[in-house]
Amino acid sequence: MAREVRTRFAPSPTGDLHVGNIRTALFDWAYARHTGGKLIFRIEDTDRERVTDEYIARAIETLKWLGLEWDEGPEVGGEFGPYLQSQRLDIYTEWADTFLKNGDAYNCYCSTEELEARREAQRSANQAPGYDGKCRNLSDGEIEKYRGEGRKPVIRMRMPDGETRFNDLIRGEVVFEHKYVPDFVLMRADGSPLYTLAVAVDDVLMKVTHILRGEDLLSSTPRQIRVYQAMGVKDEDFPEFAHLPFVMGTDNTKLSKRNGEVSIAWYREEGFLPEAICNYLALLGWSPGDDRENITMKELVDLFTIERVNSSPARFDMKKLEAINGDKIRALSIEEFLKRALPYLLKEGVIKGEASEVKVVRDALPIIQERIARMKEVVPMLRFLFVEEISFDQESAAKLAESDSQKVINTAISALEPVSNWQHEAIEGALRSALIDGLGLKPRNAFGPVRIAVTGSHISPPLFESMELLGRDRSMARLKSAVR
RNA sequence: GGCCCCGUCGUCUAGUGGCCUAGGACUCUGGCUUCUCAAGCCAGCUACGAGGGUUCGAAUCCCUUCGGGGCUGCCA
């Protein structure tokens with residue numbers, strides 16, 4: 001009875017994969033891994049006007065970056081391929097013909113304009129809009145007449161009377177009366193299949209056992225089930241459905257550009273770690289059941305069950321993602337941190353990638369590791385180490401020009417001249433005795449001007465370590481050039 | 001309009017009739033620490049949408065209601 005679990009992630013890449021897509025992919029992946037089953041990655045590109053090769057390639061890249069490896073699909077193949085629906089057109093045609101032959105489906109000659117007009121009439125008569133079944137039982141004469149007019153038919157599925165009842169793993173039993181499920185189109189007049197046909201055929205042929213997908217597809221489920229039935233699949237062989245709650249934007253509307261970035265590519269550029277994105281997304285609609293929140297991918301796999309998935313929608317919260325990202329960054333080893341930080345520094349031109357630069361970066365990472373929430377922040381944090389001339393923002397420049405600041409810097413220069421052992425302890429010792437003990441300043445007022453002179457900003461990594469990393473010559477030069 | 005789904009702190013959630021004077025995390029506020037910024041630590045604010053039942057007892061069960069969302073396509 002225990003058939004192997006086979007889940008599938010089947011996006012229709014009409015753009016970059018977004019937060020909602022990935023949350024679904026993550027759950028599909030986690031469930032497959034948890035059960036020791038297989039994850040199938042299938043591209044739903046029956047609408048080739050909107051799905052491009054470029055988007056498909058980016059979707060593949062994004063999943064790989066996140067570490068959501070699939071067992072069957074593009075690049076890896078599998079015995080039930082091909083995994084691009086655009087390459088399976090013959091299969092859909094064949095099934096549509098079978099449905100036609102068996103009377104489960106019929107040719108519909110209604111034009112788009114006619115349908116729209118009738119829908120409008122239904123609406124104004126306060127009836128539920130939907131196909132009225134006009135072509136369900138056409139006589140030979142009528143068919144002849146339509147053909148004579150040059151009409152090309154679409155293939156429409158016949159919904160029988162009755163109801164569809166299924167057990168959603170997340171929502172429990174759901175019932176749809178067929179009077180609210182009109183006959184739907186399986187194939188366009190040009191012979192191209194629609195989602196409703198392709199998705200059901202593929203799930204059956206690819207032996208998918210569990211369909212985890214967004215709840216927006218909940219009301220299309222009876223149509224899928226209808227296709228299974230027409231294909232002759234037995235009830236007990238139907239896939240199980242689990243409709244995941246939405247991930248929404250902060251303002252309670254669907255997540256979009258308006259209320260938070262959606263594209264995973266953006267999060268990557270910004271410096272969110274893949275494991276942080278997965279960790280956070282896992283918490284949107286699922287929880288491990290105890291107070292744990294910072295979990296690894298392995299723990300997610302171990303703990304993930306559909307039973308623990310929530311049924312109510314979740315709001316996406318950037319702040320919390322950032323908090324988790326910060327935790328993940330702090331958990332990185334220095335080598336790993338370095339590996340992940342380098343691309344950002346390279347991209348912004350902070351370093352060219354020379355070995356000497358990389359060494360400086362490696363030495364600097366420990367002091368900034370707990371100060372950043374996004375990897376991209378390594379750029380402003382470390383830039384001062386690699387520029388010839390530092391620049392000041394207005395506030396810092398003004399602060400530096402104050403006479404108190406000038407006095408502090410002059411004193412600091414004198415105190416630092418004799419320091420030959422340029423280690424942060426020695427630097428700190430010299431500055432403390434000169435500025436705190438000598439001038440009687442509070443640490444804050446003592447080190448502030450020095451910090452600005454050396455790093456260019458009143459916000460920086462720890463001062464003494466920064467000066468050590470910068471080196472004696474450059475540190476002194478910056479102090480001196482800050483004197484007016 | 002119709003059908004379907006959903007409803008615990010601002011947000012994500014724990015909670016499946018007594019362990020709940022509702023726990024954790026993020027955010028926010030205050031404090032400690034402190035060379036800035038962070039990190040860390042401590043404290044605080046704040047929730048069972050509403051109304052009826054059932055029960056000795058309800059966030060948990062039932063009904064109604066209100067609110068939010070989805071679908072209603074020759075998109076997926």
Side-chain angles (χ1 to χ4, degrees), chain A residues 10-12 14 44-47 49-51 108 110-112 115-116 119 122-123 125-131 153-156 168 170-171 174-177 179-182 184-190 192-196 198-199 213-222 243 245-246 248 250 252-254 280 283-294 310-324 326-327 330 367-373 377 381 428 431-432 435-436 442-448 450-452 455 457-466:
Chain A
S12 180
T14 54
E44 311 237 324
D45 57 347
T46 50
D47 185 355
E49 304 215 338
R50 298 172 62 216
V51 178
C108 170
C110 299
S111 70
T112 312
L115 291 173
E116 191 41 53
R119 259 196 291 271
Q122 288 168 324
R123 266 190 287 263
N126 220 356
Q127 290 173 336
Y131 188 67
V154 300
I155 298 175
R156 210 177 265 279
D168 187 281
I170 292 171
R171 289 151 213 284
V174 182
V175 183
F176 288 90
E177 290 182 58
K179 62 180 171 182
Y180 302 118
V181 186
F184 56 97
V185 176
L186 297 168
M187 225 169 225
R188 302 184 179 91
D190 67 1
S192 62
L194 269 82
Y195 164 79
T196 338
V199 71
R213 37 136 66 152
E215 72 163 284
D216 50 332
L217 268 357
L218 183 59
S219 45
S220 82
T221 306
H243 288 94
F246 283 120
M248 297 188 302
T250 330
N252 213 17
T253 61
K254 235 176 150 177
Y280 176 64
L283 263 21
L284 252 31
W286 174 84
S287 86
D290 51 27
D291 288 339
R292 254 184 299 186
E293 294 219 311
N294 190 321
N310 252 74
S311 53
S312 51
R315 242 103 3 205
F316 183 87
D317 180 7
M318 184 78 82
K319 282 278 183 19
K320 184 142 186 178
L321 204 212
E322 237 177 16
I324 289 176
D327 286 341
R330 271 166 247 129
I367 62 173
I368 66 166
Q369 191 164 22
E370 67 185 26
R371 277 160 231 280
I372 63 172
E377 293 172 54
M381 278 286 184
E428 177 168 7
L431 289 177
R432 273 190 191 279
L435 303 175
I436 312 270
K442 287 190 167 146
R444 181 186 194 88
N445 298 326
F447 303 130
V450 179
R451 178 187 310 284
I452 294 172
T455 69
S457 169
H458 66 284
I459 298 174
S460 82
L463 179 60
F464 315 116
E465 285 85 346
S466 294

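So you know, we letter chains A, B, ... as the sequences are listed, proteins then strands, and number each from 1. Note that the structure is a prediction, hence the values are computed from the model and not measured.
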Each nucleotide N or O in nucleotides 46-50 of chain B that has a protein N or O under 3.5 Å away: list the pair and distance.
none

Taking the nucleotide of RNA chain B with the nearest heavy atom to each, does Phe464(A) or Val175(A) sit closer to the 5' end? Val175(A)
Considering heavy-atom distances to RNA chain B, does Tyr180(A) or Arg432(A) have its closest nucleotide positioned more toward the 5' end? Tyr180(A)
Ignoring hydrogens and angles, tell me if any N or O in the side chain of [X] forms a donor-acceptor pair with the backbone of [Y] under 3.5 Å.
X         : Y         : result
Ser220(A) : Leu217(A) : yes
Arg451(A) : Pro461(A) : yes
Ser287(A) : Leu283(A) : no
Ser192(A) : Arg188(A) : no

Search all heavy atoms of [X] against all heavy atoms of [Y] and return the closest pair with its distance.
X         : Y         : value
Pro182(A) : Gly130(A) : CG-CA, 3.8 Å
Pro462(A) : Ile367(A) : CD-O, 3.7 Å
Ser312(A) : Pro245(A) : O-CB, 3.3 Å
Ile436(A) : Ala446(A) : CD1-CB, 4.1 Å

What's the verdict on side-chain contact (heavy atoms from CB on, under 4.5 Å) for Thr14(A) and Asp47(A), showing C-alpha distance, side-chain angles and the deciding distance? CA-CA 9 Å; Thr14(A) 54; Asp47(A) 185 355; over 6 Å; no
When rounded to the nearest Å, what value does the distance between [atom1] atoms of [N] and [M] take?
N      : M      : atom1 : answer
C62(B) : G44(B) : P     : 36 Å
U55(B) : U72(B) : C1'   : 42 Å
U27(B) : U34(B) : P     : 23 Å
A59(B) : G52(B) : P     : 14 Å
U64(B) : C4(B)  : P     : 13 Å
U60(B) : G2(B)  : P     : 28 Å
G67(B) : A25(B) : P     : 35 Å
U46(B) : G23(B) : C1'   : 14 Å

Got a sec, which residues hit side-chain hydrogen bond (donor to acceptor under 3.5 Å, both in side chains) with [X], two or more places apart in sequence or on another chain?
X         : answer
Arg50(A)  : none
Tyr195(A) : Arg213(A)
Ser219(A) : none

Can you tell me the distance, in whole Å, between the [atom1] atom of [X] and the [atom2] atom of [N]?
X         : N      : atom1 : atom2 : answer
Arg213(A) : C71(B) : CZ    : P     : 13 Å
Leu321(A) : U27(B) : CG    : P     : 12 Å
Glu177(A) : C3(B)  : CD    : P     : 9 Å

Sequence-distant partners of [X], salt bridge (charged side-chain N to carboxylate O under 4.0 Å, His left out), two or more places apart:
X         : answer
Asp291(A) : none
Asp317(A) : none
Glu44(A)  : Arg42(A)
Asp168(A) : none

Give me the distances for all protein-to-nucleotides 20-25 of chain B N/O pairs that come in under 3.5 Å?
residue : atom : partner   : partner atom : Å
G24(B)  : N2   : Glu293(A) : OE2          : 2.9
A25(B)  : O4'  : Glu293(A) : OE1          : 3.4
A25(B)  : O2'  : Glu293(A) : OE1          : 2.6
A25(B)  : O2'  : Lys320(A) : NZ           : 3.4
A25(B)  : N3   : Lys320(A) : NZ           : 3.0

Measuring from the side chain of [X] (C-beta onward, heavy atoms only), which nucleotide among [options] has the closest atom?
X         : options               : value
Ile459(A) : U27(B), C4(B), C37(B) : C37(B)
Ser287(A) : G2(B), A14(B), C37(B) : A14(B)
Val174(A) : C5(B), G70(B), C37(B) : C5(B)

Does any nucleotide pair with [N] by Watson-Crick or G-U wobble geometry, both distances under 3.5 Å, and what is it?
N      : value
U21(B) : none
C41(B) : G31(B)
U64(B) : A50(B)
C3(B)  : G70(B)

Taking N or O atoms only and anything under 3.5 Å, show me the protein contacts with nucleotides 6-9 of chain B, one pair per line.
none

Determine the contact category for [X]: base if any of its heavy atoms lies under 4.0 Å from a base atom, sugar-phosphate if only primed atoms, P, OP1 or OP2 are that close, otherwise nothing.
X         : value
Pro245(A) : nothing
Pro443(A) : sugar-phosphate
Gly214(A) : nothing
Leu463(A) : base
Glu377(A) : nothing

Write out a two-atom table: protein N or O, nucleotide N or O from nucleotides 72-76 of chain B, distance below 3.5 Å.
residue : atom : partner   : partner atom : Å
U72(B)  : O2'  : Pro129(A) : O            : 2.9
C74(B)  : N4   : Cys110(A) : O            : 3.1
C75(B)  : OP2  : Arg188(A) : NE           : 2.9
C75(B)  : OP2  : Arg188(A) : NH2          : 2.3
C75(B)  : O2'  : Asp47(A)  : OD2          : 3.2
C75(B)  : O2'  : Arg50(A)  : NH1          : 2.4
A76(B)  : OP1  : Thr46(A)  : OG1          : 2.6
A76(B)  : OP2  : Tyr195(A) : N            : 2.9
A76(B)  : O3'  : Glu44(A)  : OE1          : 3.4
A76(B)  : N6   : Arg223(A) : NH2          : 3.4

All N/O pairs under 3.5 Å across the protein-nucleotides 38-44 of chain B interface:
residue : atom : partner   : partner atom : Å
A38(B)  : O2'  : Glu370(A) : O            : 2.6
A38(B)  : N1   : Glu370(A) : OE2          : 3.1
A38(B)  : N3   : Glu370(A) : OE2          : 3.3
A39(B)  : O4'  : Glu370(A) : O            : 3.3

Using a strict cut-off of less than 4.0 Å between a Lys/Arg side-chain nitrogen and an Asp/Glu carboxylate oxygen, indicate whether Glu322(A) and Lys319(A) qualify as a salt bridge. no
Using side-chain contact (heavy atoms from CB on, under 4.5 Å), reason through Arg171(A) and Leu218(A) one step at a time and then give a plain yes or no. CA-CA 10 Å; Arg171(A) 289 151 213 284; Leu218(A) 183 59; 4.1 Å; yes
